[in-house]
S.K.: 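Okay, here's the structure, questions in a sec.
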Amino acid sequence: MQSLTVADYMNRHPVVFTASMSIEHAVERLLQSHQRGGPVVDDQQRVVGFLSEQDCLAAMLRDTYHNEQSANVGDCMFTGDVLMVADHHSITDLAQSMQSNKPKIYPVVDSNGVLVGIITRTDVLRAIDVHLQNHYRQR
């Protein structure tokens with residue numbers, strides 16, 4: 001199972017955002033994709049933040065309360081240390097770190113720090129399940 005990598009199970013075409021994007025546009029993209037959040041990238045496709053459904057909800061409620069539509073992703077995104085994972089990282093190691101870290105979605109970056117996808121807890125569960133099913137079939 002150590003040979004299974006994040007690249008084997010990640011979503012290579014996630015919804016991503018830019019800091020200048022309006023919250024309304026970001027919400028439309030989230031709703032269409034059924035993603036719960038996603039990375040915010042700069043012009044070089046490097047992760048500069050993360051936008052979650054919760055961030056969007058708070059911004060839209062605030063804007064509704066004040067009868068405004070002025071927030072953009074940069075105003076609402078998480079800008080602290082975004083937990084990311086390398087595309088060559090082991091699924092097993094990621095599963096173990098997910099037990100203590102709470103993100104449900106991890107941006108996946110290549111060796112140059114460029115975003116190449118995302119991986120979710122569901123993706124990791126799927127990888128483990130597929131591995132176990134194949135293991136039991138071979139017995």
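All values below come from the heavy atoms of this structure, side chains included, with hydrogens, waters and symmetry mates left out. What you see is a predicted model; the values in this text were computed from it and never measured. We're numbering straight along the sequence, starting at 1.
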S.K.: Of the non-hydrogen atoms in L4 and A127, which two are nearest, and what is the gap between them?
M.R.: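 Nearest pair, atom of L4 first, then A127: CD1-O, 4.0 Å.
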
S.K.: How close do T18 and V40 get, heavy atom to heavy atom, and via which atoms?
M.R.: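 Heavy-atom minimum between the residues: C-CG1, 3.8 Å.
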
S.K.: Quick one: are R29 and F17 in side-chain contact, heavy atoms under 4.5 Å?
M.R.: yes

S.K.: Would you call Y106 and V82 a side-chain contact if the rule is heavy atoms closer than 4.5 Å?
M.R.: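 No, their side chains stay 4.5 Å or more apart.
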
S.K.: Is any NZ, NE, NH1 or NH2 atom of the basic residue among R126 and D123 found under 4.0 Å from an Asp or Glu carboxylate oxygen of the other?
M.R.: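 Yes, R126 and D123 are salt-bridged.
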
S.K.: Could you tell me the separation between the CG atom of N72 and the CD atom of E24, rounded to the nearest 0.5 Å?
M.R.: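 Reported to 0.5 Å precision, the distance equals 9.5 Å.
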
S.K.: Quick check: do L115 and V16 have side-chain heavy atoms less than 4.5 Å from each other?
M.R.: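 Yes, close enough: below the 4.5 Å cut-off.
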
S.K.: Flag yes if F50 and M21 sit in one hydrophobic cluster, no otherwise; membership is Ile, Leu, Val, Met, Phe, Trp, Tyr, and two members link when side-chain heavy atoms are under 4.5 Å apart.
M.R.: no

S.K.: Group every Ile, Leu, Val, Met, Phe, Trp and Tyr by side-chain heavy-atom contacts under 4.5 Å, then state whether M84 and V6 land in the same group.
M.R.: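 They do not share one cluster, since no chain of ILVMFWY contacts under 4.5 Å joins M84 to V6.
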
S.K.: Has Q35 got a side-chain atom pairing as donor or acceptor with V15's backbone, closer than 3.5 angstrom?
M.R.: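 Yes.
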
S.K.: With rounding to the nearest 0.5 Å, note down the distance linking OG in S22 to CG in D75.
M.R.: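 Here the interatomic distance stands at 11.0 Å.
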
S.K.: Mark yes or no for whether N112, through its side chain, and V114, through its backbone, hold a donor-acceptor pair below 3.5 Å.
M.R.: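 Not confirmed, N112 side chain does not pair with V114 backbone.
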
S.K.: Ignoring hydrogens and angles, tell me if any N or O in the side chain of Q44 forms a donor-acceptor pair with the backbone of R46 under 3.5 Å.
M.R.: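 Absent.
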
S.K.: Which heavy atom in P14 sits nearest to a heavy atom in I118, and how many Å separate them?
M.R.: CB-CG1, 3.6 Å

S.K.: Find out whether V124 and I91 are in side-chain contact, i.e. whether some heavy atom of one side chain is under 4.5 Å from a heavy atom of the other.
M.R.: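 They are in side-chain contact.
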
S.K.: Would you say I105 ends up clustered with L51 if hydrophobic residues are merged whenever their side chains have heavy atoms under 4.5 Å apart, either directly or through other cluster members?
M.R.: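 In one cluster with L51: I105, no.
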
S.K.: Would a distance-only check, ignoring hydrogens and angles, find a side-chain to backbone donor-acceptor pair under 3.5 Å from D55 to S52?
M.R.: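 Yes: the side chain of D55 pairs with the backbone of S52.
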
S.K.: Shortest non-hydrogen contact from A86 to V108?
M.R.: C-CG1, 4.1 Å

S.K.: Nearest 0.5 Å please: distance from the OG1 atom of T5 over to the NE2 atom of H89.
M.R.: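 It comes to 10.5 Å.
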
S.K.: Might you point out which heavy atoms bring V47 and P107 nearest each other, and give the distance in Å?
M.R.: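 So the minimum-distance heavy-atom pair works out to CG2-CB, 4.0 Å.
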
S.K.: Compare every heavy atom of G117 with every heavy atom of M10, then report the nearest pair and how far apart it is.
M.R.: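 Minimum heavy-atom contact is SD-CA, 4.4 Å.
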
S.K.: Roughly how far, to the nearest 0.5 Å, is CG of L83 from CE of M98?
M.R.: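 Nearest 0.5 Å value for the CE-CG distance: 10.0 Å.
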
S.K.: In terms of hydrophobic clustering (I, L, V, M, F, W, Y; side-chain heavy atoms under 4.5 Å; direct or indirect links), are V48 and I23 co-clustered?
M.R.: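 Yes; I23 is reachable from V48 via cluster members.
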
S.K.: Output the distance between atom SG (C76) and atom CE (M60), rounded to the nearest 0.5 Å.
M.R.: 10.0 Å

S.K.: In this structure, are over 12 heavy atoms from other groups packed under 6.0 Å from Q54 atom CD?
M.R.: no

S.K.: Nearest 0.5 Å please: distance from the CZ atom of R121 over to the CG atom of L94.
M.R.: 10.0 Å

S.K.: For residues V116 and V41: do they belong to one hydrophobic cluster (side chain heavy atoms under 4.5 Å, members Ile, Leu, Val, Met, Phe, Trp, Tyr)?
M.R.: no

